[in-house]
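A short write-up of the structure that comes next.
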There are 2 protein chains.
Amino acid sequence: MARMGIKQIAALAGVSIATVSRTLRNPEIVSEDTRKKVQKAIDESGYKPNKLGASLRTHRSGNVVVIIPDVTDPFNSGIICAIEQQAQKLGYSVLLGDTQNDEARAKQYAEMAEYGQADGIILFSHKLPFDLDPNKTVLEQIPPLVNASEATEHDELPKVLVDNYSGACQATQHLIDLGHKRIAVITGPFDTNSTQERLRGYKDTLFNAGIAYDEQLVCEGDYQLDSGVNETEKLLLLKNRPTAIFCFCDDMAIGSSKVLKENGYDIPNDISLVGFDDIRYASYITPTLTTVRQPVAELGRIAMLQLHQILNKSVAEQLTVLPLELIVRQSTGPVKN
Amino acid sequence: MARMGIKQIAALAGVSIATVSRTLRNPEIVSEDTRKKVQKAIDESGYKPNKLGASLRTHRSGNVVVIIPDVTDPFNSGIICAIEQQAQKLGYSVLLGDTQNDEARAKQYAEMAEYGQADGIILFSHKLPFDLDPNKTVLEQIPPLVNASEATEHDELPKVLVDNYSGACQATQHLIDLGHKRIAVITGPFDTNSTQERLRGYKDTLFNAGIAYDEQLVCEGDYQLDSGVNETEKLLLLKNRPTAIFCFCDDMAIGSSKVLKENGYDIPNDISLVGFDDIRYASYITPTLTTVRQPVAELGRIAMLQLHQILNKSVAEQLTVLPLELIVRQSTGPVKN
DNA sequence: TATTTTACAGAAAACGTTTTCCAAATTGAA
DNA sequence: TTCAATTTGGAAAACGTTTTCTGTAAAATA
């Protein structure tokens, strides 16, 4: 098909290019007669207006880049999916920025906004992918950005988060209620806000129940399957073993459960197990996994909405914190004496 | 930061805009002296060339849109991840087109290529998201496109596929070798090429082993978790139950295993279970899942590479078929008499 | 009928690049 | 020193839109 431009359509319809553009964007301001003429020309030629031309002129690409550590993680892919749904509703397209946990790549993707390829960024990371000049404010140095799920240290950035503290409290309290006193945790990286908050919830809840905090029971994972395996192996070596393990994500819990089962432990009779996220498989593994459900769809939806508001200069919530809910399933049970 | 254009840089460096552009794209054709001048201006101003302007001029957006049914599916997200890796290497960005199995959305995403937002398409679907004029050839009506994983009926389109037939043969033969005679399958949608090929492999293998084909044992699923649940429940109602179930994806196998366990069946002692895909969880569920491994990384990589070649008019493989490998784990065992 | 208002549509500039063409300056050979 | 050959860099067009500004014709008012 011969590449048609607005010029050709104008010629075909016998009007100016301005009129063609108006027919497309503001049909109401062009008279019905000419509108029809133009529409006919468009239909007959199969004209598709070039978005690049428009974007260049309007300074709006209509794209947002989502910077996320790993699409392969079901928690992340769930969010991406939600963002995309909402993006489509609002007329945006999603540029996928899977960083593979690599800072350099995150920077590359962040630059897309500076190069005009994207209008804004949704960032899932505790680290801002920009080289900042400490003499200037953060906001004046970066493109429109919403910080989601994992918080950076910059309070001036709009954020959509989840109540990690409360989530961890609920999970820990649930275990305490079942009589557990030696509750281990397999965390995410210590330098992430999510892990810090969850850890705080864990500690506070233990403290309130009068249970001494034991550093041996705190293992640093990295939110990936294998670290669930590795850290659980370490825990089982302890002379005084935990009676429950609280993993800061479901993937690690799945890794943990594998090790436990392989070594002959029964879940939950020998050891209780709690996850975090409630990925789709949490209710399909054996035993089904008690976990803290994250409102993935809501998180993605709101993040995109917020970015949209920022891009339109309409006031946006500066900070949204979504509640978390403990889903009790079969992997937790009363402690055995 | 004040938005800088090439014009401002040119002024700053005391050269023409052409020279700035040349310094950026073809440094070798500009003398070292001027190159330095320009580079200095660029560095000092933090100039970021606007990609839209360039794209408009060169008719290359540098984007590819990946049209895929559901990012949330781990098989899909694995491929997306692989595509993205390769895209980055080749200098492309990935526009995510999650269709949610909705044809209308697929069309919308496909149009992005026609609107100049993307240079080409990687399509994971058995249906071409275009309204075709039967009088013209397919190729002249659509943008550059690579058909991946799930084949459309259009032979003239470049494809990157997987040897579904052989995969199904291997899985079926494995069960037969274990003594199974009543082998059920839970397929994908019958109108997909992947399901047809796998079904063909299943039937042929049965036939070669002299086992009669029983239509009752063939259930149509939709490649989603729940259909694994539903179809398995139907199978268990049969008077003459299967001794093995071969699911055409791991998610359905996981659904199936849940139903089996819930109803007191031991896997593999009562019923053997085979999946397809080898998603990350296949080796973490209990019992670990025997499955047909798909070369996800390779599939994505080659698809992107092929699209790149098409975009550069260099000759590209028209059809690539990747081999499949059966991974035997604990979910399959000898038939009990 | 004369005058003001309104509705509509065209001309042209602008967005930020790349690239073609051409002129000037430099180099090298004679 | 002169002339051709070669570098080098500038002017300007082009990519495909949107939008401002302006002019004209029709409608409304007097």
Side-chain angles (χ1 to χ4, degrees), chain A residues 1-39 41-42 45-63 91 111-119, chain B residues 1-39 41-42 45-63 91 111-119:
Chain A
M1 36 183 170
R3 193 78 202 96
M4 280 268 170
I6 201 174
K7 228 186 252 173
Q8 283 80 343
I9 301 302
L12 230 150
V15 299
S16 75
I17 60 169
T19 302
V20 177
S21 177
R22 282 192 274 250
T23 311
L24 252 30
R25 308 290 160 223
N26 288 81
E28 65 277 9
I29 69 167
V30 26
S31 75
E32 194 171 336
D33 278 9
T34 39
R35 205 191 312 155
K36 271 186 188 156
K37 266 196 304 189
V38 175
Q39 203 47 254
I42 291 178
S45 64
Y47 164 65
K48 308 269 178 179
N50 183 304
K51 189 112 194 303
L52 259 39
S55 290
L56 180 58
R57 175 59 222 243
T58 59
H59 299 278
R60 271 194 81 259
S61 70
N63 296 333
E111 278 183 327
M112 298 181 77
E114 307 189 293
Y115 288 111
Q117 280 199 85
D119 302 328
Chain B
M1 37 182 167
R3 192 80 201 94
M4 280 269 170
I6 199 175
K7 227 186 255 175
Q8 282 80 344
I9 301 302
L12 231 149
V15 300
S16 76
I17 61 171
T19 302
V20 177
S21 178
R22 282 193 273 252
T23 311
L24 252 29
R25 308 292 160 222
N26 287 82
E28 65 277 10
I29 69 166
V30 25
S31 76
E32 192 170 339
D33 278 7
T34 41
R35 203 192 313 155
K36 272 187 187 154
K37 266 196 304 187
V38 175
Q39 203 46 257
I42 291 179
S45 64
Y47 163 65
K48 307 270 178 179
N50 184 303
K51 188 113 192 302
L52 259 39
S55 290
L56 180 59
R57 175 58 222 244
T58 58
H59 301 276
R60 271 194 82 259
S61 70
N63 296 332
E111 277 184 326
M112 297 181 77
E114 307 189 294
Y115 288 111
Q117 280 198 85
D119 302 328

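Each chain gets a letter, A, B and so on, in the order the sequences are listed, and its residues count up from 1.
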Handout entry: Side chain of B:A18 (C-beta onward), nearest among C:dT19, C:dG16, D:dC15
Key = C:dT19
Handout entry: Donor-acceptor pair under 3.5 Å, A:R57 side chain vs D:dT17 base
Key = no
Whole Å only: how far is the [atom1] atom of [X] from the [atom2] atom of [N]?
X      : N      : atom1 : atom2 : value
B:E32  : D:dT7  : CD    : P     : 16 Å
B:L56  : C:dA14 : CG    : P     : 17 Å
A:I6   : C:dC15 : CD1   : C1'   : 15 Å
B:Q117 : D:dG16 : CD    : P     : 16 Å
A:K7   : D:dA13 : NZ    : P     : 12 Å
A:Y47  : D:dG16 : OH    : P     : 9 Å
A:D33  : C:dC8  : CG    : P     : 10 Å
A:I9   : D:dT17 : CD1   : P     : 9 Å

Checking all strands, does [X] fall into the base, sugar-phosphate, or nothing category for heavy-atom contacts under 4.0 angstrom?
X      : value
B:L52  : nothing
B:T34  : sugar-phosphate
B:R25  : sugar-phosphate
B:I29  : nothing
B:A54  : sugar-phosphate
A:K37  : nothing
B:Y115 : nothing

Can you tell me if the side-chain N/O atoms of [X] get under 4.0 Å from OP1 or OP2 in [N]?
X     : N      : value
A:S31 : C:dC8  : no
A:S55 : D:dT17 : no
A:T19 : C:dG10 : yes

Under 3.5 Å: donor-acceptor pair, side chain of [X], backbone of [Y]:
X      : Y      : value
A:S61  : A:Q117 : yes
B:T23  : B:T19  : yes
B:S21  : B:I17  : no
B:D119 : B:G62  : yes
B:N26  : B:E28  : no

Completion exercise
By nearest-nucleotide position on DNA chain D, the 5'-leaning member of B:I17 and B:G53 is B:I17
Problem - DNA chain D: 5'-proximal contact among B:T58 and A:S21 (nearest heavy atom) - result: B:T58
Problem - Sub-4.5 Å side-chain heavy-atom contact between A:K37 and A:S31 - result: no
Practice task
Return the 5'-most residue of the pair B:K51, A:R22 with respect to DNA chain C, ranking by each residue's nearest nucleotide.
Solution key: A:R22
